[in-house]
Amino acid sequence: MCHAVPVQFSRAALTDVMPFITRDMPVLSLSKGIEQGSLSLMCDLLGSVLGEEHPTAFLSGPAFAREIASELATAVVIASHTPGLAAEFDRQTRPRRP
């Protein structure tokens, strides 16, 4: 599952969809920033809502919408504490070239 909700609304959005997220469903967060009030980063917020052991990964990097929309080169990184999860999301999100 990809999570692309702005950080300020992520806690409520995740709480609403919790009945549909199974314990083994990996979550790739595309959201950045710090939650106002709690000062939580996305890794802390996801752990607090989904549980610390839930398989999560985080996409980050200097990717800019204009470059992506123009199909220009950009660099991003996927990181995870769950062994193999970052590599699996990397495989799933790579562009398919003809």
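Note that the numbering runs from 1 along the sequence shown for the chain.
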> Are Leu46 and Met18 in one and the same hydrophobic cluster, where Ile, Leu, Val, Met, Phe, Trp and Tyr link if side-chain heavy atoms are under 4.5 Å apart?
Replying inline: yes
> Any donor and acceptor pair, going by atom type alone, linking the side chain of Ser10 with main-chain N or O of Val5 inside 3.5 Å?
Replying inline: yes
> Below 4.5 Å, heavy atoms only, C-beta onward: do Cys43 and His81 meet side chain to side chain?
Replying inline: no
>> Restricting to non-hydrogen atoms, name the atom on Leu59 and the atom on Lys32 that form the minimum distance, rounded to 0.1 Å.
In response: O-CE, 4.5 Å
>> Quick one: does any side-chain atom of Gln36 pair with a main-chain N or O of Gln8 as donor and acceptor, under 3.5 Å?
In response: no
>> So, taking the atom named OG1 in Thr82 and the one named CD in Glu88, what distance separates them when rounded to the nearest 0.5 Å?
In response: 12.5 Å
> How close do Leu14 and Ile21 get, heavy atom to heavy atom, and via which atoms?
Replying inline: CD2-CD1, 4.4 Å
> So, the side chain of Ser60 versus the backbone of Val77: is there a donor-acceptor pair under 3.5 Å, distance only?
Replying inline: no
>> Just verifying a value: how many Å separate Met42 CE and Thr56 OG1, rounded to the nearest 0.5 Å?
In response: 9.5 Å
> Which pair of heavy atoms, one from Ser31 and one from Val7, lies closest together, and at what distance?
Replying inline: CB-N, 4.4 Å
>> Return the OG to CG distance between Ser80 and Asp90, rounded to the nearest 0.5 Å.
In response: 12.5 Å
> Mind checking whether Met1 and Leu45 sit in one hydrophobic cluster, side chains of I, L, V, M, F, W, Y counted as touching below 4.5 Å?
Replying inline: yes
>> Could you measure the distance from the CG atom of Asp24 to the NE2 atom of His54? Nearest 0.5 Å is fine.
In response: 8.0 Å
> Once you round to the nearest 0.5 Å, how far does OG of Ser29 lie from CD1 of Ile78?
Replying inline: 11.0 Å
>> I'd like to know if Val76 and Phe89 are part of one continuous hydrophobic network [Ile/Leu/Val/Met/Phe/Trp/Tyr, side-chain heavy atoms within less than 4.5 Å].
In response: yes
> Around Leu30, counting heavy atoms of other residues, nucleotides and ligands shown, do more than 12 lie under 6.0 Å from its CG?
Replying inline: yes
> About how many Å separate CE of Met25 and CG of Leu50, when rounded to the nearest 0.5 Å?
Replying inline: 10.5 Å
